[in-house]
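Single-structure report; data block below.
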Amino acid sequence: MPELPEVEGVLRALQPIVTGKTIKSVEVSETIYNSKAIGKEAIIKGLDVEQFCLALPGTKIDHLERRSKYIYFHLLKDGLPYMLVSHLGMSGAWFSVKNLHEITEVKFRKHAHVTIYFEEGDLLVYSDIRRFGELRFLETEADYPPLLLMAPEPFDQHALDHFLHMSALPKYENKAIKEFIMDGHVVSGCGNIYATEALFRMKIHPARAVKRISRERKIHLFQEIVIVLLDSIENGGSTISDYRTINGGAGNMQNRLQMYGKKECGFCGTKTKQKTIGGRTSTYCPACQK
DNA sequence: ATGCTGCTCCGGACGC
DNA sequence: TGCGTCCGGAGCAGC
């Protein structure tokens with residue numbers, strides 16, 4: 001499950017490979033073509049397959065940017081800016097190869113759904129087992145308004161003020177803290193793994209109501225989220241289930257996690273508990289987290 | 001005017 | 001072996 005650190009890893013790997021290249025053509029798998037043909041929004045969002053495949057050729061990749069869990073491919077065509085926006089969802093991955101057979105893991109090769117051919121001769125392949133990911137061709141962020149509503153980057157100097165401001169809104173004050181910090185309008189890029197870790201490190205019960213946490217503790221919690229995200233980026237992200245970096249690489253952060261996916265508390269050894277909060281499985285230590 | 005709930009994109013993992 | 005059920009980022013329609 002790629003969260004901010006994993007997406008950052010993908011971005012850093014992708015950047016030197018694709019920057020400056022020109023897209024020659026785009027191919028979409030028969031599976032996606034068929035899903036789209038019966039009206040489903042499978043991976044390619046907002047455009048039909050033909051429009052998408054016609055839009056990209058002739059564009060040059062000017063630079064990449066990560067925004068929350070999205071990767072923006074900033075493009076230029078005839079001097080005009082466009083963007084290809086990518087979200088990996090649950091199981092999306094990019095592969096830079098010379099041909100499809102270079103994707104050695106069968107499950108990724110089998111679910112290769114969008115292939116970008118470069119003028120330079122190599123390919124960029126988007127593979128997605130669960131098809132929860134998305135690709136959008138846009139002129140600007142405003143063409144897909146939810147992008148404008150995302151919380152600031154957690155490392156941005158305004159991010160903490162934004163977080164505190166949101167925590168006082170009626171809409172959020174009665175919410176469970178875990179649901180709150182996993183909301184992309186509140187914190188950018190913090191999913192189940194890092195929300196779980198940050199709350200464990202802070203010894204806060206994931207179901208505790210936002211309004212029952214002091215301002216000081218909220219500030220510390222936000223800082224802990226930033227620390228755990230940066231720690232993960234430094235360690236190449238967490239390689240869990242279907243997440244891969246470019247060309248199938250793996251990170252090391254999964255070995256540093258203390259609560260996510262654990263049977264016993266890494267601190268006191270108590271058997272961990274699981275509770276569904278905001279519709280998502282949440283693991284916590286009933287002894288340490290209050 | 002909010003804010004819930006459920007639906008939608010799916011296949012793999014798991015239990016019986 | 002085979003079938004049913006659960007899971008999940010995130011937006012959105014409908015109540």
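Residue numbers begin at 1 in each chain, while the letters A, B, ... track the order of the sequences.
Considering only the side chain of A:Lys40, B:dC9 comes nearest among B:dG12, B:dG3, B:dC9. Distances from the side chain of A:Lys171 to the nucleotides B:dG11, B:dG3, C:dG8 place B:dG3 closest.
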Quick test: give all pairs of protein nitrogen or oxygen and nucleotides 9-13 of chain C nitrogen or oxygen below 3.5 Å, distance rounded to 0.1 Å.
| unit_1 | atom_1 | unit_2 | atom_2 | d |
| --- | --- | --- | --- | --- |
| C:dG9 | O3' | A:Lys69 | NZ | 3.4 |
| C:dA10 | OP1 | A:His87 | NE2 | 2.8 |
| C:dA10 | OP2 | A:Lys69 | NZ | 3.2 |

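Rounded to a whole Å, the CD atom of A:Gln274 is 12 Å from the C1' atom of C:dC7. Atom CZ of A:Arg131 is separated from atom C1' of C:dC7 by 17 Å (rounded to the nearest Å). Atom CD1 in A:Ile277 sits roughly 16 Å away from atom C1' in C:dC7 (whole-Å rounding). Rounded to whole angstrom, the span from the CE atom of A:Met166 across to the C1' atom of B:dG3 amounts to 14 Å. The separation between A:Tyr260 atom OH and C:dC7 atom P is 12 Å, rounded to whole Å. Atom pair A:Lys36:NZ and B:dC9:C1' shows a separation of 11 Å (rounding to whole Å applied).
Salt-bridge check for A:Arg136 with A:Asp143: failed, with every basic side-chain N at 4.0 Å or more from each acidic carboxylate O. At a threshold of 4.0 Å, the pair A:Glu41-A:Lys36 counts as salt-bridged, since one of the basic side-chain nitrogens sits closer than that to a carboxylate oxygen. Using a 4.0 Å cut-off between charged side-chain N and carboxylate O, A:Glu153 and A:Arg66 make a salt bridge. Taking the charged nitrogens against the carboxylate oxygens, A:Arg109 and A:Glu105 have no contact shorter than 4.0 Å, which rules out a salt bridge.
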Give the table of side-chain donor-acceptor pairs shorter than 3.5 Å for residues 261-274 of chain A, with sequence neighbours excluded, one pair per line with atom names and distance.
| unit_1 | atom_1 | unit_2 | atom_2 | d |
| --- | --- | --- | --- | --- |
| A:Thr272 | OG1 | A:Lys262 | O | 2.7 |
| A:Thr272 | OG1 | A:Lys263 | O | 3.2 |
| A:Gln274 | NE2 | A:Thr283 | OG1 | 3.1 |

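Under the 3.5 Å distance criterion, the side-chain polar atoms of A:Gln258 are left unmatched by any main-chain donor or acceptor of A:Arg201.
A:Asp183 and A:His185 are linked by a side-chain donor-acceptor pair at a separation below 3.5 angstrom, with hydrogens and angles left out of the test.
Comparing the axis of the opening five pairs of the helix from B:dG3-C:dC15 to B:dC16-C:dG2 with that of the closing five pairs yields an angle of 50°, rounded to 10°.
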